[in-house]
Amino acid sequence: MERYICAIVLILAAMVIALRNLSKSYETAEGRLEVLRGIDLDLGAGDSVALTGESGSGKSTLLHLVAGLDRPDSGEIVVGGRDISKLDDRGRAAYRRTEVGLVFQQFNLVPSLDVAANLAFHAKLAGRHDPAWENELVERLGIGPLLTRYPEQLSSGQQQRVAIGRTLAARPGLVLADEPTGNLDETNGDAVLELMLSLSKGTGSTLLMATHSQRLADRLDRQLHLRSGKIT
Amino acid sequence: MTTWTLATALLSHWRRRPLQFGALLSGLALATALWSGVQAINAEARASYARAAIALDQNGLANLVSPNGGSLPQSAFVRLRRSGWNVSPVLEGDYRFGTTRLRVIGIEPLTMPAEAQTVDLGNAGDLLSFISPPGTLVVSPGTAEKIRGQTDLALRVSDRMLDGAAFVDIGLAQSLLRRDGELSRIVIAENQRPGLEPFGALVPALTVREPNAQTDIEQLTESFHLNLTAFGLLAFAVGLFIVYSTIGLAFEQRRPTFRTLRCLGVSLRVLAVLLLAELVLFALAAGAVGVAIGYLVASLLLPGVAATLEGLYGASVPGTLSLRPEWWLSGFAIAMAGTLVSSAQSLLRLMRVPLLAVAQPQVWGRSSQAGRRIQVLAAAALLALSGALLLWADGLQAGFGILGCLLLGASLLLPAVLSGFLTVMQRTSSGALVTWFCADTRQQLPGLSLALMALLLALAANVGVGTMVSSFRLTFVGWLDQRLAAELYVAARTEPEADRLRAWLATKVESVLPISSVDAEIRGQSMQIFGVVDDPTYRKHWPLIAGLPDVWDRVASGEGVLVNEQFWRRERLRIGDQLDLANDWKSTVVGVYSDYGNPKGQVIAGINALTSRYPQVSRLRYGLRVQPDQVADLRASLSGEFGLPPDNIVDQAALKEQSRRIFDRTFLVTGALNIFTLGVAALAMFLSLLTLSEMRLPQLAPVWAMGVTRRDLALLELLRPLVLWLTTFIAALPLGLALAWVLLAVVNVEAFGWRLPMHIFPYEWVRLGLVVLAAAVVSVFIPLRRLAGLAPSELLKVFASER
């Protein structure tokens, strides 16, 4: 147990993120589209940073690169001293499994698992299944009565609570959220964001959140604005 | 908006999804092909029976027959003619021309009623040569080919004659069959003078046999055709599973298009008509392909079917297929009906969907909890009905009813069984991936259940029919070893040669077993009575099913007779029953023996009892018991001494080989249909997996995002169908065995008159299991390759918030 706690503390402490000269482009019907052009960025452990910008400005692409879901054309993504863009498929999968938590606008819960299984899923994959911590999350997220339901039986707000719970249950060092309240009304959106902020603060996770909403961005420690693939 | 513009919008779906389009057309074409192929075979065989009925005049007119089935005196015919009755005599029997055995039908052309005249002998020259010595044989072209050079009689070929039969003048028939003054029956013409003295007064010993609507051979072969139809229906249903799934999916995927068109002012009626027209167009195209493949399938299978019908029932069917317009039309009709049935639910759903309903495609094939419950209840009811039929009903139809209920019930139960199995697996596993794998597989079940049900049916049919055929083969081979105990079989060409042969053999062999038989009609059935000598060979080897302890003593003394199993079952005889044999010969049934492959009833009596009733019985054929190492020498000596041709001296090994060859050929068609059905089921599974793979991304992407590699996901995707196929295969084993038991213990007894012991062949299951495994791997290959080659950008699209 002691070793386990030490390992988590080390992960969290080491979760310093540095992006250097990061570029990414896509082939489209109209030709090559440069989405990110030489991004430089540093994030400290426990930071909460809002990424704002218009549609197509490259917010999601940046999050995907940091999450190890995609590779940059050039540049470095150094997380905890490792350049994750140099990792192979297996290495990046291990990084996502153990160090990153993702929250999406579309929730992306596993449709075949009930809420309880969804909640424990990522933590089990990461090898950090902790029923007591999950119970606490269930309590704080208010999803106790929903545990036996399936995602399709939940409202959007309920689904996003479960998605946040799933992410935090795995105690990731880095939480990446892509428009987490984009599918929710204002009241639900505020409640969900509040929960995410307080829980990630509580666990010491670094939070990088893409959002269109200036109101939500104002509630985070720092704001970065993306325009035409560059941080302005 | 023109109709063409609308049609283009609707058809664009298929242009963008060529695989789905291919699945729809191939499913429909295959379903039509197998169904219409089987129908073509049945139609051809039935047409052949009709020809046979006309040719042989089996049941077209009423006949006067002997009530005990024996011969009639010719004097009865003479008396009737003198009294003014318009009647005509017929004598039938089997006769060997060299090595070819023919059904000889002796007729009297001058008195034969016009409606029963199969061959036109109106030409004076033809008539004269027919009734004048040495006589003429009227035979089919095929038969003429066989007996040419084996008889001195003139041959006249007629296309209307049936293979294996010959018309001769009745005088010639009496001479060939050594039945002077005897008749088999007297045909009664429809038109008679009024006021004639009744038959009862003129020929009180005879009875009138009314014509049957169905010919004997039609009745005999009904089970076989029912069997073929059942197989065709099974294959058709399996094919329709593909069509149903594909159409359902296409309708779901096009819901946004339907909504847009409706919003643009297209009425529901116009939309429905256009979709219906689209389906009709597809049905016509796939129907044409299906009918063409069906013709090919039928022409490939027909020689096998002809062999089966001849082997099992003695029915002669040509091995070539003729194109019949009604068959083409029925092929198109079945394609159309199949399409409409498969699309009815989707069309109805379209009519009911409100204009502004959410246009997101729903998960394909997802059924409600209530729907699943109804399915389980229906399965339970069908299985219960199957049990009830087994306990309380009898007859061939009941046998097929048991089979139908059992198969349908079990297949309806399959999704629930698989779901239960996966739930247990999920609950007992603690690993995240195993839990997800089980849950995800369970979620996919509705989309795969039709294909899995089809697979279960095909596998169960394979196991069941395979077990039946292999049990039959094992029993048949054992039976042949018993039945063909003599080492050599020899046939003399003439009676004097037979006398000489017997005398010569007396000192050369251990025993000589005469093979003497006569044709007789017993209890209204055309049968053979064999005479056997009292010899240890019979006591040791003859395959008795039941009998008195001293059965062979009783047969030898002429006190009793043996009957074959089919006659015993058909007539519900018991040991000790009295049997009226021909010519006032009464005897007791003292034993029953198995007689596989023989459609007719048979009686075995002591040779003395037979020859005393039939002094003229042919004594040309003999079985010879010698030491096996002396067979070759004896064969050579027989050839040298008597100059017998090779066909007249047959050794046991050659006979067994020939019998086994006939047996294997008999079940070729069953094997072929089995493979076809399994192939269609595998295709259904492949297409379902392929279709599902297009919708897998939303399920796979989150798991990938949480750190499971694409390689691991691909392996799990490979494992999924393997688990499902394997579980279905395991479920198919008990079902297949139940099917085999019903076939052996119920259907065969009703259809053929014999019951076979059931044997288990685990090696065949292992082989089938490996085939299933290979098919599962092949079926998942393309979807897997697609997944393995998926770029991360494709998976990322699932998460794009600005999709």
Side-chain angles (χ1 to χ4, degrees), chain A residues 26-27 54-57 59-61 63-64 67-71 88-102 104-114 117-118 120-127 129 150-152 163 166-167 170 172 176 178-180 182-183 210-212, chain B residues 358 360 362-363 366 368-369 419 422-423 426-427 429-447 695-716 720 788-803:
Chain A
Y26 292 111
E27 257 338 305
E54 291 175 358
S55 296
S57 60
K59 301 189 294 295
S60 293
T61 302
L63 286 186
H64 292 161
L69 292 170
D70 207 353
R71 284 173 190 267
D88 62 7
D89 196 44
R90 185 165 286 277
R92 280 185 291 127
Y95 162 71
R96 290 198 300 274
R97 201 161 55 236
T98 54
E99 297 175 36
V100 183
L102 296 157
F104 301 102
Q105 181 181 350
Q106 307 289 346
F107 326 123
N108 292 111
L109 296 174
V110 180
S112 51
L113 298 176
D114 63 16
N118 258 295
F121 189 65
H122 194 176
K124 282 184 175 177
L125 282 178
H129 180 45
Y150 283 86
E152 65 186 17
R166 179 182 68 183
T167 300
L176 301 168
D178 191 359
E179 299 280 2
N183 266 349
T211 179
H212 276 112
Chain B
V358 179
Q360 285 292 325
Q362 292 179 347
V363 175
R366 177 174 293 171
S368 66
Q369 193 73 31
S419 178
L422 289 166
T423 305
Q426 187 185 343
R427 286 193 181 147
S429 68
S430 56
L433 270 186
V434 179
T435 308
W436 170 74
F437 176 79
C438 294
D440 191 56
T441 308
R442 202 155 59 92
Q443 200 193 32
Q444 283 194 65
L445 271 183
M695 309 159 80
R696 292 291 291 148
L697 285 191
Q699 278 103 53
L700 297 178
V703 183
W704 169 73
M706 279 184 276
V708 179
T709 60
R710 277 179 296 160
R711 185 176 155 276
D712 288 346
L713 281 177
L715 282 176
L716 288 171
R720 190 185 324 280
L790 206 62
S793 57
E794 288 297 315
L795 286 158
L796 287 175
K797 281 181 189 165
V798 174
F799 309 119
S801 53
E802 286 140 6
R803 278 185 292 179

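Convention: sequence-line order gives letters A, B, ...; per-chain numbering from 1.
- Every residue two or more places apart in sequence or in another chain was checked for a ring pair (Phe, Tyr, Trp, His ring centres under 6.0 Å) with A:Phe107, and none qualifies.
- Not counting sequence neighbours, the partners of B:Arg710 by the salt bridge (charged side-chain N to carboxylate O under 4.0 Å, His left out) test are A:Asp89.
- A:Arg166 touches chain B through its side chain: at least one heavy atom from C-beta onward sits under 4.5 Å away, while N, CA, C and O do not.
- Contact check for B:Met706 versus A:Asn108: no side-chain heavy atoms found under the 4.5 Å cut-off.
- Across all non-hydrogen atoms, the minimal contact from A:Leu113 to B:Trp436 is CD2-CA, 4.0 Å.
- Interface check for chain B: of the options A:Thr61, A:Leu125, A:Asp70, the most heavy-atom pairs under 4.5 Å are formed by A:Leu125.
- Closest approach of B:Gly707 to A:Arg97, counting heavy atoms only: O-NH1, 2.5 Å.
- B:Arg442 contributes no side-chain N or O that, together with a main-chain N or O of A:Ser112, makes up a donor-acceptor pair within less than 3.5 Å.
- Neither the backbone nor the side chain of B:Gln444 has a heavy atom closer than 4.5 Å to any heavy atom of chain A.
- With a threshold of 4.5 angstrom between heavy atoms, B:Ser430 approaches chain A through N, CA, C or O but not through any side-chain atom.
- Contact of the B:Val703 side chain with the A:Phe121 side chain is registered, since non-hydrogen atoms from C-beta on lie closer than 4.5 Å.
- Side chains of B:Thr709 and A:Arg96 form no contact here, defined as non-hydrogen atoms less than 4.5 Å apart.
- If you measure heavy-atom distances from A:Phe104 to chain B, the contacts under 4.5 Å come from the side chain alone.
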